[in-house]
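Everything quoted here is computed from the prediction, not taken from an experiment.
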Amino acid sequence: MNRRHYAITLQQASEDSPTLARLTALTRESTQRLQAIETLIPVALRSTVQAGPIDGTTWCLLVKSNAAAAKLRQLLPALQAHLRSRGWEVNSIRLKIQT
């Protein structure tokens, strides 16, 4: 068995593993999507929303409360349209309330 006896960075590990590389790319894309729609989210709600996983053409936003999720549901069509205009294929945005 060949073991590494030296430390490597997370970036090096992700580059060496196709699975980790894909996960890193999806995480980066999810963060970019959130940054793209941030100006469409009311200022008071921005701190309650986090980028979540991407599953094909479905993107998930993690929301801290039911009240914030209710307001965001009203904005979903505009958020999706904005993302599509930026070149992302987003057919639906799922909201998941964090407990």
Side-chain angles (χ1 to χ4, degrees):
M1 180 186 291
N2 185 9
R3 292 184 181 217
R4 292 183 184 176
H5 293 287
Y6 56 92
I8 62 171
T9 65
L10 180 58
Q11 182 178 355
Q12 289 170 321
S14 69
E15 290 170 353
D16 291 344
S17 166
T19 303
L20 284 177
R22 177 72 179 137
L23 182 59
T24 301
L26 285 172
T27 301
R28 187 178 307 114
E29 182 179 333
S30 184
T31 300
Q32 290 170 344
R33 288 179 182 194
L34 181 58
Q35 290 170 346
I37 63 166
E38 195 171 44
T39 58
L40 300 176
I41 299 173
V43 175
L45 293 179
R46 289 180 190 169
S47 65
T48 67
V49 181
Q50 292 180 326
I54 298 171
D55 184 16
T57 60
T58 301
W59 181 40
C60 181
L61 288 174
L62 308 174
V63 186
K64 292 185 180 177
S65 71
N66 285 326
K71 179 60 181 171
L72 284 173
R73 275 187 197 90
Q74 297 171 353
L75 300 173
L76 289 181
L79 299 179
Q80 286 174 244
H82 186 72
L83 289 169
R84 283 194 298 269
S85 75
R86 292 275 192 93
W88 281 299
E89 187 179 340
V90 179
N91 292 335
S92 66
I93 298 175
R94 225 172 25 99
L95 300 178
K96 182 172 182 180
I97 299 166
Q98 295 179 309
T99 55

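- Note that the CG atom of Leu45 and the NZ atom of Lys64 stand 12.0 Å from one another [nearest 0.5 Å].
- Panel note: side chain Ser30, backbone Gly52; a donor-acceptor pair is recorded below 3.5 Å.
- Val63 and Leu76 fall within the same hydrophobic cluster, where Ile, Leu, Val, Met, Phe, Trp and Tyr residues are linked whenever their side-chain heavy atoms come under 4.5 Å apart, directly or through other members.
- Between Arg84 and Asn91 the shortest heavy-atom distance is NH1-CA, 4.5 Å.
- Atoms CZ and CD1, on Arg94 and Ile54 in that order, are 12.0 Å from each other to the nearest 0.5 Å.
- Note: Asp55 CG to Ser92 OG = 9.0 Å, rounded to the nearest 0.5 Å.
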* To do: Check the pair Ile93, Leu83 against side chain to side chain contact (heavy atoms under 4.5 Å, CB included), reporting the backbone distance first and the verdict last.
  => CA-CA 10 Å; Ile93 298 175; Leu83 289 169; 4.1 Å; yes
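- The nearest pair of heavy atoms linking Arg46 to Ile41 is NE-O, 2.9 Å.
- No side-chain heavy atom of Ile37 sits under 4.5 Å from any side-chain heavy atom of Leu75.
- For Glu29, the salt bridge (charged side-chain N to carboxylate O under 4.0 Å, His left out) test picks out Arg33, with sequence neighbours left out.
- When the side chains of ILVMFWY residues are joined at heavy-atom separations under 4.5 Å, either directly or via intervening members, Leu62 and Leu26 end up in two distinct hydrophobic clusters.
- Taken from CD in Gln80 to CH2 in Trp88, the straight-line distance is 14.0 Å, to the nearest 0.5 Å.
- In this structure, the side chains of Trp59 and Leu79 stay at 4.5 Å or more apart for every pair of heavy atoms.
- Minimum heavy-atom separation, Ala51 to Leu34: N-CD2, 3.4 Å.
- Note that OG of Ser65 is 13.0 Å distant from NZ of Lys71, once rounded to the nearest 0.5 Å.
- Note that CG of Leu95 and SG of Cys60 are 7.5 Å apart. Values are rounded to the nearest 0.5 Å.
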